[in-house]
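Please read the structure below before turning to the comments.
Convention: sequence-line order gives letters A, B, ...; per-chain numbering from 1.
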Protein chains: 2
Amino acid sequence: MSTAMDARARHLLKALVESYIADGQPVGSRQLARDAGLNVSAATVRNVMADLEDEGYLCAPHTSAGRVPTNLGYRFFIDALLHLVPLSPESSQLLLRRIGAHAPDTDQVLHAATVALSELTHMAGFVRVPRRAMRILRHVDFIAVRERQILAILVTDKGEVENRLIHTDRPMGAGELVQAANFFNATFTGKPLHEVTQSLHRELRQSRHEMDLILRSAMELGEDMLEMDEQRMLIEGEFQLLDLPDLAGGERLRELLEAVHRKRDLVNLLDASMLGSGVRIFVGNESGFAPLAGCSVVTAPYVLDGEVAGVLGVIGPMRMPYQDIIPLVDNTARLLGHALSLPS
Amino acid sequence: MSTAMDARARHLLKALVESYIADGQPVGSRQLARDAGLNVSAATVRNVMADLEDEGYLCAPHTSAGRVPTNLGYRFFIDALLHLVPLSPESSQLLLRRIGAHAPDTDQVLHAATVALSELTHMAGFVRVPRRAMRILRHVDFIAVRERQILAILVTDKGEVENRLIHTDRPMGAGELVQAANFFNATFTGKPLHEVTQSLHRELRQSRHEMDLILRSAMELGEDMLEMDEQRMLIEGEFQLLDLPDLAGGERLRELLEAVHRKRDLVNLLDASMLGSGVRIFVGNESGFAPLAGCSVVTAPYVLDGEVAGVLGVIGPMRMPYQDIIPLVDNTARLLGHALSLPS
DNA sequence: TTCTAGCACTCCTTAATGGAGAGTGCTAGT
DNA sequence: ACTAGCACTCTCCATTAAGGAGTGCTAGAA
């Protein structure tokens, strides 16, 4: 077992993967010998291909059908053979316009980024929403909606609003609500959310406030706001996955779509990829998430006010034009982080 | 051309449609003669079927393949032959629990109803959100988020919250914001939204307020809230449409999914069906909306505080079990209206 | 050695063929 | 007005055959 992969083998592997990405057809020795630019015969190419197959980079769908990259083949291609194509200034401009158009409204910016990812790649695009643990509490309000029902509204420094209906055991007077809000704002405004919920925990344990119930609910709202983050993810262009030529329009396809729609498992995968920095690629089953077999996921974390706040990317077929997709995802992450960060 | 459709023809048409709904297979004369319960020969059945075909109720995919109901066939079946099966008490209970579980939070109730529709029918379920024109304004708040940026928050009597970032030309003091909010609340709280926006229009035309900008923005927010209704619709279970056996997994399917996802045209269709009362059914191209060819839409308007506020329903294959679906949609509309109306 | 050329073999793909089955329309008889 | 019989049509499926693409192997050339 030669540790192999000399220059010629690499060149051929590269040509093969590129050809397969372009056509989706298994590529045979004759075609490869012709197109690769090397001046070697098909027979020689065959020998090299046989070696590459032994080493797990290629496989043949059947005896006489040419060869196709394996997971490992893609992996090596991406890691060692790929030449990234920098994003064209036009695309870059377009991206900037689309993402910047809705600033500073966080939700709209996130949505725009998701749609842009999907449309520019013709694949499914997703954006994991920013974590809000570090967000600063700006304002809290309690509003009586009905006899025993209070609406708690919580606003962060980025203008994000979260609200929740609270049911109380007894009717609350307007004065009580104002008092509660005043106390809350005086005590907590300007502090990060995770600190607020902690402080509230302590506060509630120590003393019996008049307004225990309200405060407790507000705390729960705050906690939910943090926990809810665990779930929130935007996805657009799921239907682009419909014409993955590979997944033979059958049960697998539906599983994939439902899994993506459900988001839960995807979120776990993405959170893991927030730890590193820079673009990250999961080829096929590397994600360890069964329905994604046959797909690749390209992700990049984005930075908000100096902290990694979330991650975005695309889901598409394994044979995607990585050289274009990777810079695009990378740039989108950069632009999104920028658009969401405080305009100085 | 006998004006036809005697008792026997009706009976056979009914049996044929039911058989086709159950199997999805074109049904032939022999099978129909056997299963219909009538004691007539296949040849007789053939004659009747030929008549029904002449009159447009049936058609044959090809010379020797049995017959299939046409649009008109389904229409007649639904209008004249269908015996509704009342919703079982268990299903009714289940529905009630699922929809009631999240009351009184409007958004959650709507979502629960959508999911329930989808899951109980194994088709795509949708809920058009309630129109908010009649909603009463409960509270308005203006919060400074940054130097020249204000968050306007608007709350209705049902606890619905809408918010908007407003950019101002000059920095606003906290006092100004409080003053604006006070004015706004004193003047408009308790009035229906559509009245508020009208009054604001007048107000702004007459006098130059100090806080013109803020008020104008608030008005726009209110108007947007009303306009946005035009777009808001919840859909769940779109993927159930994947295994419509008819649409041959190809381009048509994708068009359908995208059209449903896009919502726009669907919303128009639904708004039209809010005018009538009771369950309404669009078979195939009756909706006049191309991508829906091959599908049926079953809708029912729901009533909120005595007014028709929205419409909900399901989208599925033309051959759906109407006798079960119709009562289910009907009941869901009733329960949803109830869950959203003021608990006395 | 390392590459090339040739050759036999395997396997998929496509098209053509032909029977089986199902259903119809028509006609004649009850 | 209904039924039975019959010839005909059309689809579906399995079988068959030809064609093509690609491989692995072996022997000879650089």
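Between the side chain of A:T70 and the backbone N or O of A:Y57 there is at least one donor-acceptor pair closer than 3.5 Å.
At the phosphate of D:dT3, OP1 or OP2 sits under 4.0 Å from a side-chain N or O atom of B:T44.
When the P atom of C:dT24 is taken as reference, atom CZ of B:R30 falls 9 Å away, rounded to whole Å. We find that OH of B:Y20 is positioned 16 Å from C1' of C:dG23, with the value rounded to whole Å. Computed from coordinates, the B:L58 CG to C:dG23 C1' distance equals 14 Å when rounded to whole Å. The distance between atom CG of B:D51 and atom C1' of C:dG25, rounded to the nearest whole Å, is 13 Å. In this entry the distance linking CE of B:M49 with P of D:dT3 reads 16 Å, nearest Å. Summarising the geometry, the separation between CD on B:Q25 and P on D:dC12 is reported as 10 Å, rounded to the nearest angstrom. Rounded to an integer number of Å, the gap from CG of B:L16 to P of C:dT24 is 10 Å. Across the protein-nucleic acid pair, B:N47 atom CG and D:dA1 atom P stand 12 Å apart, rounded to whole Å.
Side-chain contact between A:L32 and A:R67: absent, with no pair of heavy atoms (C-beta onward) separated by less than 4.5 Å. Looking at heavy atoms from C-beta onward, A:K263 lies in side-chain contact with A:I235 at the 4.5 angstrom threshold. Side chains of A:L13 and A:V48 form no contact here, defined as non-hydrogen atoms less than 4.5 Å apart. In this structure, B:V298 and B:M320 have side chains that are in contact, with non-hydrogen atoms separated by less than 4.5 Å.
With C:dC3, D:dG24, C:dT24 as the candidates, the nucleotide lying closest to the side chain of B:S29 is C:dT24.
Ring-plane geometry between A:F239 and B:H261 is classed as perpendicular, the angle between the planes exceeding 60 degrees on a 0 to 90 degree scale with a lower cut at 30.
Taking for each of A:P26 and B:V40 the nucleotide of DNA chain D with the nearest heavy atom, the 5'-most of the two is the partner of B:V40. Take the nearest nucleotide of DNA chain D for A:G66 and for B:A43: the residue whose nucleotide is more 5' is B:A43.
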Check against salt bridge (Lys or Arg N to Asp or Glu O under 4.0 Å), A:K14 and A:E18: CA-CA 6 Å; A:K14 179 158 183 282; A:E18 281 168 354; 3.3 Å; yes
Using the 3.5 Å cut-off, write out each protein N or O paired with an N or O of nucleotides 7-18 of chain C and the distance between them.
residue, atom, partner, partner atom, Å
C:dC11, O2, A:S64, OG, 3.2

